[in-house]
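Keep in mind that this is a model prediction, so the values were computed, not measured.
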Amino acid sequence: MTFGLITAVFLAALAGMMNRKLSNTSTLISSLGILILGGLVLLRGGSATVAHGIFYLSTLGGWFLIVLGVVATMSSWYRWGYPDHSRTTSIWLPIFLLSMMTVIVAGNSWVFLTAWETMTISSFFLVTTHHEKPGVLQSGYIYLVMSQLSAMFILAGFMAIGSQLHSFDFAIWAAHASTMPDSYKNLVFLLLGLGFGIKSGIVPFHIWLPRAHPVAPAPISALMSGAMIKLGIFGIMQFLLIDLGQSDRFWPLVVLAVGAVSALLGVLYALMEHDLKRLLAYHSIENIGIILLGVGVMGVGIDWQQPALTFLGLAASLFHTLNHAIFKSQLFLAAGAVEKHTGTLDADHLGGLIRTMPGIAIGFLAGSMAITALPPFNGFVSEWLTFRGLLTVASHSVFLMGIYGLGLAMALGLTGALAGVCFIKAFGTIFLGEPRKAVGHTTIPASMTWPVLSLGLLSLVLGIFPQPLLNLLGHVGLQTQAGHTDLGNLLVSVKTLTVAALLLAGTAIFAVFSRVWQIKTVPRWSCGRVPDASMQFTSASFTKAIRTTFAFIYRPHRKLERLGQHAPDFADRLLYQGGTVPVWERHVYKPMYRWIWRVSHLSTRMQAGPIRLYLAYLLGTVGLMIAIIH
């Protein structure tokens, strides 16, 4: 039955590729098939090989199939009204979905890497759908280069495991990888950690993410941020934690540090963005960091041989993986609706959209509350689990390790506070107030609004009733050293239903005492001047305090130019320009790019030589290979 369902998903996707009119329908059917497949694999429990080892189905893979299925289903539904039906999307989107599914269910390294590269190539063409726009091709090429770097590290890591176990079948890896020598485990952890980390967008390998996601069509951005980057998390958990088992205690601490740095820097950079999709892309880096904090707690539990801590980290990371897929795809789809409605994503040009697109505004508000971990939405539950894991690590550790765990918890708390500020800014400048500049308003269809609202409702339901899904995570726990754990006592000491009821009661009491039904509209007072839209807060003014507080990270710069005939004393106009310096790009990637460019110029001398020189290169390479093999 499982193999038949996989085949049906492939056939449905291929039908959409061959017939453009069936593209939306076939993509939706394929997405639902992936969702059903994930549910079946997770409910069945255990692991099994299918089709002579081509596919390997595990409960962890089942969870990630559900993540992919939810995002793909909502994105496919959204596409019915999204005004972008290019031939590029019709061809490459089904391939993209199939390749992501195959990565999750691959049974050996060859199937995995083939699907991984297909996923990269198809997503590159989807990112560059509107290649005629400035900067799109450059963003696509940066994404492609970083993806190939990721693939090389993964290939090297797989070769290291295969050479030690004399097999490339994942079922054999799951059974015997934990017996490898510690030196090999360290090498594999380094290679695969880099490979999967780059694809997930961790700092400092994040530069492709805020470039590629914003230029892609909104449904593709939702799929990349909600599902594709999670496959890096899948690789880390499957191959480095579950398969390798206990390893050097240094590695979980590295994962925790990378997670904290990615979370904190991701939200700090998001605060400075005016473009809505770039802002959301940086928040993807932040949430990958939060997921890695849970993964790190799981790794500490495995090394300490504490099943309860292992399962707490597992539950925190996997539940936040699903939650982030839900609310981040919701926010990207809402951003696509804003772009189609107004023609821009610049927050400093927008305002008052709650009056022209109230459904999208409500959906964006729900997504904002979820991503900032406010109860009673789902983000609160998974971040609460992450907090519990970090505090448990701190409380069960000696002095230095306890300080380390407490510092990580404080970093997570600061990240949540800054995320709240960021989305107050985003929602306030875009949906409240008045338009800051004159923009057109195009009516958007209901099929673009309902997926956003549905995802918001799903976030609310999972925030109030998380226990059924957390119980399903028990099937994944049986695949790890966590075993079976008492979920009720371990996970939700906070009664989410009680919290939701108290919040509802408090809101009702506030509404009664503030008499919201008697609100009157009165003229605004602006110190005797005629009020206009330019008096509103902009994105830059809203975040100035944070920009100055974290100046050592942002390196802000500004320039004030006085214009007019008597500019030094009585300027007719003031021209203000300001911004921040992208530290990683300026001090790391640009020097590296210049160095590679110089090496490339030197290599042209070798390429332009006579044929006898090429023969000499060939003979030298063959001799070197023979010497290595010998």
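When atom types are taken as modelled, the side chain of Y82 and the backbone of A218 share a donor-acceptor pair closer than 3.5 angstrom. For the pair S262 (side chain) and G289 (backbone), a donor-acceptor distance under 3.5 Å is absent. A side-chain donor-acceptor contact under 3.5 Å links T342 to the backbone of T344. The backbone N or O of R278 lies less than 3.5 Å from a partner atom in the side chain of D275, making a donor-acceptor pair. At distances below 3.5 Å, at least one donor-acceptor pair connects side-chain atoms of H341 with backbone N or O atoms of T442. Side-chain atoms of W92 do not come within 3.5 Å of backbone N or O of S123 as any donor-acceptor pair. At least one donor-acceptor pair closer than 3.5 Å links the side chain of R436 to the backbone N or O of L350. Counting only distance, with no hydrogens or angles, the side chain of S221 and the backbone of H213 share a donor-acceptor pair below 3.5 Å.
The distance from atom NE2 of H274 to atom CG of L276, rounded to the nearest 0.5 Å, is 12.5 Å. Atoms CD1 and CG, from I66 and L469 in turn, are 7.5 Å apart once rounded to the nearest 0.5 Å. Taking NE2 of H324 as the reference point, atom NE2 of H283 lies at 9.5 Å (rounded to 0.5 Å).
Looking at S31 and L35, their side chains never come closer than 4.5 Å, going by heavy atoms from C-beta outward. The closest side-chain heavy-atom distance from F124 to Y141 is below 4.5 Å. Contact annotation: the side chain of I464 never approaches that of F377 to less than 4.5 Å [non-hydrogen atoms, C-beta and beyond]. The shortest side-chain heavy-atom distance between F96 and M100 falls under the 4.5 Å cut-off.
Of all the heavy atoms in I371 and E383, the pair that sits closest is O-OE2, 4.0 Å. Scanning both residues, L68 and A227, for their nearest heavy atoms gives CD1-CB, 3.8 Å. Listed here is the closest heavy atom pair of L331 and S368: CD2-N, 4.0 Å.
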Derivation of the side chain to side chain contact (heavy atoms under 4.5 Å, CB included) call for I326 and S459: CA-CA 7 Å; I326 293 170; S459 294; 3.3 Å; yes
Worked check of side chain to side chain contact (heavy atoms under 4.5 Å, CB included) between I546 and V421: CA-CA 10 Å; I546 294 173; V421 174; 3.7 Å; yes
Show the numbers, then the answer: is there a side-chain hydrogen bond (donor to acceptor under 3.5 Å, both in side chains) between T543 and K425? CA-CA 8 Å; T543 57; K425 177 198 81 169; 5.4 Å; no
Can you check side chain to side chain contact (heavy atoms under 4.5 Å, CB included) on Y269 and I285, steps first, answer last? CA-CA 10 Å; Y269 285 127; I285 300 170; over 6 Å; no
Let me see the working for L144 and W208 under side chain to side chain contact (heavy atoms under 4.5 Å, CB included), right down to the final yes or no. CA-CA 9 Å; L144 189 61; W208 66 269; over 6 Å; no
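Around atom CZ of R555, no more than 12 heavy atoms belonging to other residues, nucleotides or ligands sit under 6.0 Å away.
Residues K199 and S147 have side chains that bring a donor and an acceptor to within less than 3.5 angstrom of each other.
For the pair K230 and F64, the NZ or CZ position fails the cation-pi test of under 6.0 Å to the six-membered ring centre and within 45 degrees of the ring normal.
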Identify all side-chain donor-acceptor contacts of residues 407-419 below 3.5 Å with residues at least two apart in sequence or on another chain.
| residue | atom | partner | partner atom | Å |
| --- | --- | --- | --- | --- |
| T415 | OG1 | A411 | O | 2.8 |

